[in-house]
Amino acid sequence: MKTAITPTRAENFSEWYQNLIVAADLAENSPVRGCMTIKPYGWAIWELMRDEMDKRIKASGVQNANFPLLIPIDFFNKEAEHVAGFAKECAVVTHHRLKMIDGQLQPDPDSKLTEPYIIRPTSETIIGDAMARWVQSYRDLPLKLNQWVNVMRWEMRPRMFLRTSEFNWQEGHNVFATAQEAHEDARKMHKIYGDYMRDVLAIESIMGEKTPEERFAGADHTYTLEHIMQDGKALQAGTSHNLGQHFAKSFNIQFLGTSGKLETAYTTSWGTTTRMMGSLFMVHSDDDGLVLPPFVAPYQVVVIPIVREENQDTLNTYAEKVGEQLREKGIRVLVDTSDMRSADKMWKWIKRGVPIRIEVGSREMDNQAVTVTRRDLGKSSQKTIDIKNLSDDIQEMLQTIQNDMLEKVKKRNLEMITNVSGLDELDNMLNDGKIGFFRLKYEHTLDSKFDDLMEKHKISRRCLDDNDPNYVFVAKSY
RNA sequence: CGGGGUGUAGCUCAGCCUGGUAGAGUGCUUGGUUUGGGACCAAGAUGUCGAAGGUUCGAAUCCUUUCGCCCCGACCA
């Protein structure tokens, strides 16, 4: 059978992924090295994801703000571990003016900055600096801030949505009076992310704490959400850090406590990025293109009139009427009356992952009916239904699709996780080509033989098992 | 940043070895026949051959430099 995307997932997963992005019109490589252009259809998905995330973040008591893109290099220097983590991938602004020299615009040597700026790879430092001023008393705490911005990390090996030099994200930064509150907050944001990914993206995350080897530079504890891709590899889709007093000490975030003594605060930071889109695409899509969960589908339903010349006008009117009926219920609908062959329209919207396709032709019009097909199930789900209760039926169907997609992922996750008793068993399974996550005692991975296995099989520790932190998940990753 | 590959029409690519002034398929436009899971016929438009320099009467082709992209590593949301 001919698939819309070639090669298929089974033939070459990473090439399939790239072609998927092109076929679904999500993004393209830009003229700027390592940076992508997110196209309107891709951005529409992000806006839906972002708006829902923003709602949930605000509901947890966080306020949005906006901090500068440029960070004084000196700020960055204040937290040693943090510097070590990011120094290798920073873009640096060194001049503030261009000059025409030999017919070429160049940075004007006379405009060299005495102190260069870093384009933010993350904003702990500049937000820490502000917090030091904003936090004076225990009454100012907790202070919870978030910003939706772009950041830049000079990546050596970019891949669209998964790892680009510039990416969009939200970064939250909270300050607390006590270690306990900071601990609870890091866990709370972690859970909010997990719920979001389950409810909105229809993805069940593998959640847990990063091992000391893998945690964020400058954090005491890093909690991660790992997603299992269809090829068994891991993708980190979000993190929440308990930064302890590292940044509070470096930036003097201090307050007068109830006892009248000056105390040092505790901070957390937590983020999710456009990488979640990469996960969304890789987790759900198939060999015919994108498959979107209804929650984040720019169009939840596409109505395609199967027109013939003689009935074009009446049929388009009927299609619009169907679309209008659905819109009244708040369903996002596109009635595609564009000048294309209907078969081409179908494939276009299949590739773009619209959850429900409604076809209307003269047969349906005569019977006051429509033919519906679910994207996640394909042609076998095609059925003709009466339009009498259409908007209710479609709404219910959208909910079912959302649920079914999650269940499918949960089921696949279970199949993708293998318990192993020790390093020899792990080695054997990987030698046999077994893919997915492997769960084993964390202490086994402290054996030097595990370092050899990591090298040999390109695996890494993803996170500890939240249900039993004596165990760790190990996998190949993106 | 190291190893390998690659850059020619919107897209996928041939042509390069052996220098002689640009090709195919697909897509696009127009007309016609079609239309319920990727139609067919006919006509037509489209290129600084990634960029810069060099060799040459002449460079997509040979040489040098440089940039991007892809794959495999190291690094990471």
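Letters go in sequence order (proteins before strands), and every chain restarts at 1.
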**Message:** Taking B:rU56 as the reference, what is the distance to B:rC11 when you measure between their P atoms (whole Å, please)?
**Reply:**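 Their P atoms lie roughly 36 Å apart.
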**Message:** Measuring only the P atom in each nucleotide, how far is B:rG3 from B:rU48? A whole number of Å is fine.
**Reply:**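 Comparing P positions in B:rG3 and B:rU48 gives a spacing of 33 Å.
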Give a yes or no on whether a donor-acceptor pair under 3.5 Å exists between the nucleobase atoms of [N], that is its base, and the side chain of [X].
X      : N      : value
A:R163 : B:rC76 : yes
A:R341 : B:rA39 : yes
A:Q382 : B:rG36 : no

[X] near the nucleic acid: base, sugar-phosphate alone, or nothing, with a heavy-atom cut-off under 4.0 Å?
X      : answer
A:I304 : nothing
A:Y193 : nothing
A:T6   : nothing
A:K351 : base
A:G361 : base

**Item:** A:F161 and A:F281 aromatic centres sub-6.0 Å
**Value:**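 Yes, ring centres under 6.0 Å apart.
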**Request:** Scan side-chain atoms only and decide if A:S165 and A:E155 contain a donor-acceptor pair under the 3.5 Å cut-off.
**Result:**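 Checked: A:S165/A:E155 side chains show no N/O donor-acceptor pair below 3.5 Å.
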**Item:** A:Y117 atom OH, neighbour heavy-atom count above 12 within 6.0 Å
**Value:**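 Count not over threshold, so no.
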**Prompt:** Pick the nucleotide of RNA chain B nearest each of A:N29 and A:E89; which residue has the one closer to the 5' end?
**Reply:**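 In this pair, the answer is A:N29.
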**Prompt:** When you match A:S30 and A:S380 each to their closest nucleotide on RNA chain B, which lands nearer the 5' end?
**Reply:**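 It is A:S380, whose closest nucleotide lies nearer the 5' terminus.
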**Asked** Can A:F167 be called stacked on B:rA77 when the rule is centres closer than 5.5 Å and an angle between planes below 30°?
**Response**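 So yes, this residue stacks on that base, both cut-offs being met.
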**Request:** Please state whether the phosphate of B:rC75, meaning OP1 or OP2, lies under 4.0 angstrom from any side-chain nitrogen or oxygen of A:K88.
**Result:**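 For B:rC75, neither OP1 nor OP2 has a side-chain N or O of A:K88 closer than 4.0 Å.
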